[in-house]
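No experiment lies behind these values; they were computed from the predicted model shown.
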Amino acid sequence: MTTTSWLPVLVLATSLVPAVVIFLLPEERNRTRTILNLAGALAKVGLVVALIPPVLAGRRFEWRVAFLPQVDLVLRVEALGLLFLGLSAFLWLLTTVYAIGYLKDEGRHRSRFFGFFSLCVVASSGIALSGNLVTFVVFYELLTLATYPLVAHQQTASALRGARVYLTYTLGGGVALLLGAVWLTALAGPAEFTRGGSPAVAALAAADPGAARAALALLLAGLGVKAALVPLHGWLPRAMVAPAPVSALLHAVAVVKAGVFGIVLVVDELAGPALAAELGLLGPLLVVSCATILWGSVRALRQDGLKARLACSTVAQVAYVTLGIALLSPVATVGGLAHIVHQGLMKITLFFCAGLLAQRLGATRVSELAGAGRRMPLTCAAFTVGALGMIGLPPVAGFVSKWYLGLGAVDAGQSWVLAVLVASSLLNAAYFLPVVGRMWWGRAADRAVPAAAAPPAAARTRLEAPPAL
């Protein structure tokens, strides 16, 4: 049952209103800025929690307004979008608390940082609530523009270079996405996201399968940039020059999640899984996903920079979601959707820990982490749990999502994917376990670096700058 409601707009307002006010605040109004950030984040989480029971009971809340000729701007709360919205809201709250503490000693540009930070959440929420393709494109591009100033926040040469690379990649992907959306809308009319696939897209595929295939392929290619699928992944390691809260935002809360969530929408709710398979879209997506999983894992092995290693890990881990969608199996789809949540929680934990290790110990490289567990036991314990989750060892959720992906591969008649999953898990262990071992048992490189001697933000940025992939 669909109910016309302002609730979707209210969800956006919980981050839009703080963003506007924060931009106008003087730098010295730290307490006001903190209150606005936390109030907006808590209000969004509260709204999401309140929406769960009615949505699970089958209700949908929708708001629409005329936007373009014959095309509405549609915001809708339904089950799949609520999953992404809930994850974003919860992780935004955690990242907000972390960012407030992380930047407390930074004397400038905090209003700019937290203003764009909140705009990112507006965009992520809009993506989760998008009821049609045009609405999705609007918020997807807003996310690109809002994250650029965050990547460039430190204003160092490496930060500006990383931000330019990020913008070049994502705007290129945005052009492909826009072309695909315009083409599809011109041929099929307004395409609304519908469980099992849009009737308008199905009608176009029946009349002109070549055009439908090309338009949908453009959409997937454009989304593949933010999802960091090989060979469109090069921006992600370079963006790691950003502060740790931004790295968490890019990897766990907003950007890569927006790309992979968009792929889920295109396959499941725009084309429909059966039509996507019939048009030959899922086979290439499956191959690219497996290649990305293995490539990202192999590259992670070669990174001494901790954030660079985590960035390469993200390239591999996010591709598990697209793998689940490409297998054309309900079981694999469950595994892929579960991995969205698992990867978000574990990766945000890892980046939070990396930021703390850089601030407190000045340790930005794996080779500098020996003995860190004795000096920062809680941080290193949290990192250990996150690392085990990425490897997929029981009883953490990574084991559950990979188990369902394996069952889905067998169910879909693609048993060779099991070899990819086993190989990737071994590679995960190969690049995470040495980090954990060095933290807890390393001795040779113990450094007497007191907390007060941690390098300043600009120096940390230089140290953390990763090599290009």
Contact summary for [X] and [Y], nearest pair of heavy atoms:
{"X": "A372", "Y": "L361", "value": "CB-CD1, 3.9 Å"}
{"X": "S15", "Y": "K44", "value": "OG-NZ, 3.3 Å"}
{"X": "A300", "Y": "R309", "value": "O-NE, 3.4 Å"}
{"X": "I293", "Y": "L323", "value": "CD1-CD2, 3.9 Å"}
{"X": "P190", "Y": "V71", "value": "CG-CG2, 4.1 Å"}
{"X": "A354", "Y": "L310", "value": "CB-CD1, 4.1 Å"}

Are [X] and [Y] side-chain neighbours, meaning at least one heavy-atom pair lies under 4.5 Å?
{"X": "T349", "Y": "F383", "result": "no"}
{"X": "M439", "Y": "M376", "result": "no"}
{"X": "L388", "Y": "M346", "result": "no"}
{"X": "L337", "Y": "I340", "result": "yes"}
{"X": "Y98", "Y": "I348", "result": "no"}
{"X": "P434", "Y": "V366", "result": "no"}
{"X": "I263", "Y": "L285", "result": "yes"}
{"X": "V175", "Y": "L171", "result": "no"}

Problem set entry | Mutual orientation of the aromatic rings belonging to F84 and F261 [parallel < 30°, tilted 30-60°, perpendicular > 60°] |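 Ring orientation of F84 relative to F261: parallel.
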For this session: Indicate the ring-plane relationship of F117 and F114, choosing parallel, tilted or perpendicular according to the 30° and 60° boundaries.
Result: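 Perpendicular, since the angle between the ring planes exceeds 60°.
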For this session: Test S313 against N428 for side chain to side chain contact (heavy atoms under 4.5 Å, CB included), laying out the working first.
Result: CA-CA 8 Å; S313 169; N428 295 162; 5.7 Å; no
Look up atom [atom1] in [X] and atom [atom2] in [Y], then write down how far apart they are to the nearest 0.5 Å.
{"X": "L407", "Y": "K402", "atom1": "CG", "atom2": "NZ", "result": "14.5 Å"}
{"X": "F351", "Y": "L306", "atom1": "CZ", "atom2": "CG", "result": "8.0 Å"}
{"X": "T170", "Y": "L232", "atom1": "OG1", "atom2": "CG", "result": "12.0 Å"}
{"X": "I127", "Y": "L265", "atom1": "CD1", "atom2": "CG", "result": "9.5 Å"}
{"X": "K347", "Y": "M390", "atom1": "NZ", "atom2": "CE", "result": "5.5 Å"}
{"X": "R213", "Y": "L281", "atom1": "CZ", "atom2": "CG", "result": "7.5 Å"}

Would you say the side-chain atoms of [X] and [Y] include a donor-acceptor pair closer than 3.5 Å?
{"X": "N37", "Y": "T96", "answer": "no"}
{"X": "K226", "Y": "T144", "answer": "yes"}
{"X": "S130", "Y": "Y140", "answer": "no"}
{"X": "S125", "Y": "W92", "answer": "no"}

Over 12 non-hydrogen atoms of neighbours within 6.0 angstrom of [atom1] in [X]:
{"X": "F90", "atom1": "CZ", "answer": "no"}
{"X": "F432", "atom1": "CZ", "answer": "yes"}
{"X": "W403", "atom1": "CH2", "answer": "no"}

For this session: Applying side chain to side chain contact (heavy atoms under 4.5 Å, CB included), run through L357 and E368 and close with a yes or a no.
Result: CA-CA 10 Å; L357 290 165; E368 299 169 344; over 6 Å; no
Exercise. side-chain contact (heavy atoms from CB on, under 4.5 Å) with S289: which of I325, V420, T322?
Worked result: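 It is T322, the one option of I325, V420, T322 that forms the side-chain contact (heavy atoms from CB on, under 4.5 Å) with S289.
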For this session: Using the side-chain contact (heavy atoms from CB on, under 4.5 Å) rule, pick out the option among L87, V321, L91 that qualifies with K257.
Result: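 It is L87; the other options fail the test.
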Given 3.5 Å as the limit, does a donor-acceptor pair link the side chain of [X] with the main chain of [Y], or not?
{"X": "Y166", "Y": "V151", "value": "no"}
{"X": "D411", "Y": "A332", "value": "no"}
{"X": "S297", "Y": "A316", "value": "no"}
{"X": "T135", "Y": "L73", "value": "no"}

Exercise. Does the side chain to side chain contact (heavy atoms under 4.5 Å, CB included) test come out yes or no for L393 and F399, once each step is laid out?
Worked result: CA-CA 5 Å; L393 295 177; F399 170 77; over 6 Å; no
Problem set entry | Results of salt bridge (Lys or Arg N to Asp or Glu O under 4.0 Å) for R76 - residues two or more places apart only |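 Once residues adjacent in sequence are excluded, the partners of R76 under the salt bridge (Lys or Arg N to Asp or Glu O under 4.0 Å) criterion are E62, E192.
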For this session: Kindly determine whether L16 and L119 satisfy side chain to side chain contact (heavy atoms under 4.5 Å, CB included), including the steps that lead there.
Result: CA-CA 6 Å; L16 180 59; L119 276 185; 4.2 Å; yes
For this session: Please list all pairs passing the side chain to side chain donor-acceptor pair (under 3.5 Å) test where one or both residues lie in residues 266-280, with sequence neighbours left out.
Result: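 Pairs touching residues 266-280 that pass the test: none.
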